[in-house]
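Values in this document were obtained by computation on a predicted structure and should not be read as measured data.
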Amino acid sequence: MLRKIKFVAAIVALMVLIVLCQAGGGLLKKGFMKGRESSETATSAGRGRLIVLDPGHGGIDGGKKGINGAEEKEINLQISLIIKELLEKENVEVVMTRSDENRIGEDQVSDLKARVDIMNRENPVLAVSIHQNSYHEESVHGAQVFYYSESKEGARAASMLQEALREADPENTKEAKANDTYYILKKTEVPTVIAECGFLSNYEEAEKLITEDYQRKMAEAIVKGILQYIEE
C-alpha cells in the first residue's frame with residue numbers, strides 16, 4: 001500500500017514538473033518573441049528615416065547641356081546637397097550615391113549599376129534620383145517626377161513630390177509620370193523616383209536653375225514631398 005502511495009505521489013510530482021516546464025517554456029518563448037518584435041520594429045523605424053539621394057551623372061558624363069551652357073551634373077549635385085542638408089535637419093539619414101563632381105563608374109553602364117547597387121544595399125524607405133530635363137521645344141518647362149509603372153509605393157511618393165513641386169512653381173502643370181524603361185527605376189528593389197527639376201532647354205528655366213535661390217526652392221519642395229511620404 002505504501003509503495004502504491006509513493007508511486008502515485010511520484011506520478012503527480014512528475015506531472016507538476018511537466019506543467020511547470022511547459023509554463024516556463026511558454027514564458028521564455030513569449031519573452032523571445034517580444035524581444036524579436038521590438039528589434040524588428042526598431043530596425044523598421046531606422047529604415048523609415050533613411051533616404052538614398054542620387055545626383056545624376058558626374059565626371060565625364062555631364063548629362064544635359066543647358067541652352068545657357070549649364071551642365072546638368074553640376075545642378076544635380078548642388079540641389080542634392082541642399083536636400084541632404086535640409087533632410088538631416090529633420091533627423092532623416094541620407095546616403096548619397098556621389099558627393100563630388102565625379103561619377104561612380106568607369107562607363108555609363110557600370111555607373112548606373114553602381115547607383116542601383118547602393119540603393120538596394122542600403123534598403124532605404126525611398127530613393128530619389130535628381131536630374132534636369134530637356135526637350136526639342138524650348139517652350140516646354142516645369143519639374144516632373146517619374147516612377148516605375150509597376151511600383152505602387154513609387155507612384156505614391158512621386159505624386160507627393162510632384163504636388164510639392166507644383167506648389168513651389170504655380171506655372172507648372174505637369175503630373176507625376178509612370179515609366180518602365182529607365183534603368184534605375186526598373187532595377188531598384190526599393191521605392192524609387194526620378195525628380196527632373198526643370199528643363200535646361202528652356203532658357204528662362206535654365207537661368208533659374210543655376211541660381212542658388214531657385215535650387216534651394218526646388219530642394220525645399222522635394223524635401224517637403226519626401227517628409228510627407230515617410231511620415232504618412
Side-chain angles (χ1 to χ4, degrees), residues 51-87 94 96-112 114-116 119 127-147 158 161-179 181-185 192-226:
I51 297 293
V52 169
L53 200 54
D54 174 45
H57 307 287
I60 195 173
D61 177 15
K64 307 287 193 311
K65 190 78 168 181
I67 195 170
N68 59 347
E71 286 198 310
E72 180 188 355
K73 66 175 183 179
E74 296 176 0
I75 299 172
N76 294 344
L77 180 59
Q78 289 159 356
I79 292 176
S80 296
L81 289 172
I82 299 171
I83 293 172
K84 180 177 186 292
E85 170 199 336
L86 296 174
L87 284 175
V94 179
M96 301 271 287
T97 58
R98 72 175 176 101
S99 55
D100 58 32
E101 64 178 12
N102 300 308
R103 67 179 179 183
I104 58 177
E106 294 182 358
D107 53 47
Q108 189 173 14
V109 173
S110 61
D111 182 72
L112 288 171
R115 293 168 194 266
V116 168
M119 294 172 186
V128 182
S129 188
I130 303 298
H131 285 262
Q132 311 306 314
N133 218 331
S134 183
Y135 196 64
H136 63 272
E137 293 181 12
E138 187 181 340
S139 60
V140 177
H141 64 92
Q144 188 166 29
V145 185
F146 294 82
Y147 62 94
L161 268 68
Q162 186 69 59
E163 179 61 29
L165 286 164
R166 279 200 302 266
E167 289 176 4
D169 178 13
E171 294 183 3
N172 183 7
T173 59
K174 288 196 162 26
E175 301 284 343
K177 189 173 182 179
N179 180 280
T181 61
Y182 291 156
Y183 184 88
I184 282 180
L185 297 180
T192 305
V193 297
I194 295 176
E196 303 269 7
C197 301
F199 281 78
L200 291 176
S201 51
N202 178 282
Y203 187 81
E204 183 180 352
E205 198 157 59
E207 284 290 280
K208 289 192 292 186
L209 284 164
I210 61 175
T211 67
E212 184 178 349
D213 285 348
Y214 196 74
Q215 289 171 3
R216 183 165 291 274
K217 188 177 183 179
M218 293 294 98
E220 288 173 348
I222 290 170
V223 166
K224 181 179 180 180
I226 291 173

Partner residues of Glu175 under the salt bridge (Lys or Arg N to Asp or Glu O under 4.0 Å) criterion, sequence neighbours left out: Arg166
Among residues at least two apart in sequence or on other chains, which ones pass side chain to side chain contact (heavy atoms under 4.5 Å, CB included) with Leu112? Gln108, Tyr183, Ile184
Considering non-hydrogen atoms only, spot the tightest contact between Ser201 and Ile67 and give its length. O-CD1, 3.8 Å
How many angstroms lie between atom CD of Glu85 and atom OG of Ser80, to the nearest 0.5 angstrom? 12.5 Å
With the side chain counted from C-beta on, respond yes when Lys208 and Asn202 share a heavy-atom pair under 4.5 Å apart, and no when they do not. no
What's the separation between atom OH in Tyr182 and atom CD1 in Ile194, rounded to the nearest 0.5 Å? 6.5 Å
Carefully, step by step, assess Leu200 and Lys65 under the rule side-chain contact (heavy atoms from CB on, under 4.5 Å). CA-CA 7 Å; Leu200 291 176; Lys65 190 78 168 181; over 6 Å; no
Would a distance-only check, ignoring hydrogens and angles, find a side-chain to backbone donor-acceptor pair under 3.5 Å from Arg98 to Pro55? yes
Using only atom types and a distance under 3.5 Å, with no angle test, would you say the side chain of Lys73 pairs donor to acceptor with the backbone of Asp61? no
In short, side chain to side chain donor-acceptor pair (under 3.5 Å) pairs touching residues 133-144 with sequence neighbours left out are none
If every non-hydrogen atom of Ala219 is compared with every non-hydrogen atom of Ile83, which pair is closest and at what distance? CB-CG1, 3.6 Å
Heavy-atom side-chain contact between Ile82 and Glu220 under 4.5 Å: no
With side chains defined as the heavy atoms from C-beta onward, is the minimum distance between Arg216 and Leu86 less than 4.5 Å? yes
Output the distance between atom CD (Glu205) and atom CG (Asn172), rounded to the nearest 0.5 Å. 7.5 Å
Give the minimum heavy-atom separation between Asp54 and Met119, together with the two atoms involved. CB-CE, 3.6 Å
Under the rule for salt bridge (Lys or Arg N to Asp or Glu O under 4.0 Å), what residues qualify as partners of Lys224, not counting sequence neighbours? Glu167
Under the salt bridge (Lys or Arg N to Asp or Glu O under 4.0 Å) test, which residues partner Lys174, sequence neighbours left out? none
Can you list the residues that meet the side-chain hydrogen bond (donor to acceptor under 3.5 Å, both in side chains) rule with Glu71, with sequence neighbours excluded? none
Residues passing the salt bridge (Lys or Arg N to Asp or Glu O under 4.0 Å) test with Asp111, sequence neighbours excluded, are Arg115
Under the side chain to side chain contact (heavy atoms under 4.5 Å, CB included) test, residues paired with Ile210 that sit two or more places apart: Asn68, Ala70, Ile75, Glu207
Can you name the residues that form a side chain to side chain contact (heavy atoms under 4.5 Å, CB included) with Asp100, not counting sequence neighbours? Asn102
Lys64 and Phe199, any side-chain heavy atoms less than 4.5 Å apart: no
Closest heavy-atom pair, Gly225 versus Ala164, reported as atoms and distance to 0.1 Å, is N-CB, 4.0 Å
Worked check of side-chain contact (heavy atoms from CB on, under 4.5 Å) between Ile79 and Gln132: CA-CA 11 Å; Ile79 292 176; Gln132 311 306 314; 3.8 Å; yes
According to ring pair (Phe, Tyr, Trp, His ring centres under 6.0 Å), who are the partners of Tyr147, at least two apart in sequence or on a separate chain? none
NZ (Lys177) with more than 12 external heavy atoms under 6.0 Å: no
Scanning both residues in full, the closest heavy-atom pair of Ala221 with Ala168 reads CB-CB, 3.9 Å
Would a distance-only check, ignoring hydrogens and angles, find a side-chain to backbone donor-acceptor pair under 3.5 Å from Gln78 to Glu212? no
With Lys84, which residues qualify under side chain to side chain contact (heavy atoms under 4.5 Å, CB included), at least two apart? Leu53, Glu88, Val94, Met96
Spacing of CD1 belonging to Ile51 relative to CD1 belonging to Ile226, to within rounding of 0.5 Å: 5.0 Å
Considering all heavy atoms, the nearest Cys197-Ala143 contact: O-CB, 3.5 Å
Who are the ring pair (Phe, Tyr, Trp, His ring centres under 6.0 Å) partners of Tyr203, not counting sequence neighbours? none
Side chain proximity check, Leu165 to Ile222, heavy atoms < 4.5 angstrom: yes
Residues His131, His57; criterion side-chain contact (heavy atoms from CB on, under 4.5 Å); working and verdict: CA-CA 8 Å; His131 285 262; His57 307 287; 3.5 Å; yes
